[in-house]
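Working notes for the structure below.
Numbering starts at 1 and runs along the sequence shown.
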Amino acid sequence: TLVTLAALPYIRAVQQGRVRPRLVSWMVWAVLMTILTVTSIQAREVASAVLAAVGAVQCTLIVLIGWRIGSRYLGRLDVSSLVGAAIGLGVLLATNDLLMATIITVSVDAIAYLPTLKHAWDSPEEESLASFALSASGAWLCLASALLSGAAVEGIIYPVYSAVVGTVMVAILLYGRAVPYAEEAYEYGSD
């Protein structure tokens, strides 16, 4: 439920022009989450499949809504991420092993995350802290569910990755928002 709710503040903020999603990341994630949903279903890993399916829908909605507002800028990092994602997708299509497919999918997802992580670092006010905090919390709960249900490695890899990277994103956003206030307080105190 938390992961599903995580998209709502993000979508609303995109519509209001307060958040500018890096569309390169969101497009790659939409494709990857769809693939991960299928591989998780094939592995009969329900928690991972649900988390990935919700992610696929959310990413697709954000791409569609953010197309007009989002950043379509393609810098070196964006191009490198797209190339890495394309290579990963090619390798993914060539494998029949579910564990390897899950590992490749998560690796490509991490590559696609780089432009968004950089954007969060450079412009934390253009990302939704509430959305990433809800998503990370939901991923941690999904991981707990997967562990309690005795999920196989294939069913644990994505929730672990999602929880960790979501937590890193929240930390970056919190740091990025706190630094200007700390610098302002320091300047005020030294006068």
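- Both Val63 and Leu82 are members of a single hydrophobic cluster when ILVMFWY side chains are connected at heavy-atom separations under 4.5 Å.
- A 4.5 Å side-chain heavy-atom check between Glu126 and Val19 finds every atom pair outside the cut-off.
- Counting only N and O atoms by type, the side chains of Ser162 and Trp140 include no donor and acceptor under 3.5 Å apart.
- Taking all atoms of both residues into account, the shortest heavy-atom contact from Val14 to Pro21 is CG2-CD, 3.8 Å.
- Put simply, the side chain of Tyr175 never gets that close to the backbone of Val170: no donor and acceptor are under 3.5 Å apart.
- Once rounded to the nearest 0.5 Å, the distance linking CD of Glu154 with CZ of Arg44 reads 12.5 Å.
- Here the OG-CZ distance, from Ser81 to Arg76, works out to 13.5 Å after rounding to the nearest 0.5 Å.
- Of the inter-residue distances, the one linking Ser25 atom OG with Leu117 atom CG reads 8.0 Å to the nearest 0.5 angstrom.
- Nearest heavy-atom pair across Leu23 and Ile62 is CD2-O, 4.3 Å.
- Grouping the Ile, Leu, Val, Met, Phe, Trp and Tyr side chains by contacts below 4.5 angstrom, directly or via other members, places Trp29 with Ile103.
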### Message
Assess the residue pair Val57 and Met33 against the criterion (side-chain contact (heavy atoms from CB on, under 4.5 Å)); give the C-alpha distance rounded to whole Å, side-chain angles, the decisive distance to 0.1 Å, and a yes or no.
### Response
CA-CA 8 Å; Val57 171; Met33 293 302 97; over 6 Å; no
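- The nearest pair of heavy atoms linking Ala52 to Thr37 is C-OG1, 3.1 Å.
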### Task
Check the pair Thr105 / Asp109 against side-chain contact (heavy atoms from CB on, under 4.5 Å), numbers first and verdict last.
CA-CA 6 Å; Thr105 301; Asp109 187 284; 5.6 Å; no
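- Across Ala85 and Val108, no two heavy atoms sit closer than the pair CA-CG1, 3.5 Å.
- To the nearest 0.5 angstrom, Ile11 atom CD1 is 8.0 Å from Ser131 atom OG.
- Contact check for Leu89 versus Leu32: side-chain heavy atoms found under the 4.5 Å cut-off.
- For Ile156 against Ala151, the heavy-atom pair with the smallest separation is CD1-O, 3.5 Å.
- Heavy atoms of other residues, nucleotides or ligands lying less than 6.0 angstrom from CG of Asp122 number more than 12.
- The line from CD1 of Ile104 to CD1 of Ile87 is 12.0 Å long, rounded to the nearest 0.5 Å.
- Note on Leu92: it clusters hydrophobically with Val153, by side-chain heavy-atom contacts below 4.5 Å among ILVMFWY residues.
- Residues Val91 and Val28 share a single hydrophobic cluster, defined by chaining ILVMFWY side chains whose heavy atoms lie under 4.5 Å apart.
- The OG atom of Ser80 sits 9.0 Å away from atom CG of Leu114, with the distance rounded to the nearest 0.5 Å.
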### Task
Might you work through the side-chain contact (heavy atoms from CB on, under 4.5 Å) test for Met27 and Val31, ending with a clear yes or no?
CA-CA 7 Å; Met27 287 186 286; Val31 171; over 6 Å; no
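- Judged purely by atom type and a 3.5 angstrom limit, Ser137 uses its side chain to pair as donor or acceptor with the backbone of Ala133.
- Here the shortest heavy-atom pairing between Glu125 and Arg177 reads CA-NH2, 4.1 Å.
- Residues Tyr10 and Gln58 have side chains that never bring a donor and an acceptor to within less than 3.5 angstrom of each other.
- Two residues are said to be in side-chain contact when any heavy atoms from C-beta on lie closer than 4.5 Å; Leu99 and Ile157 meet this criterion.
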### Message
For Met169 and Glu127: C-alpha separation, side-chain torsions, deciding distance, then whether side-chain contact (heavy atoms from CB on, under 4.5 Å) applies.
### Response
CA-CA 10 Å; Met169 183 69 166; Glu127 289 293 349; 4.1 Å; yes
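- Counting only heavy atoms from C-beta outward, the side chains of Thr167 and Phe132 never approach each other to under 4.5 Å.
- In this structure, Tyr113 has its ring center at least 6.0 angstrom away from the ring center of Trp26.
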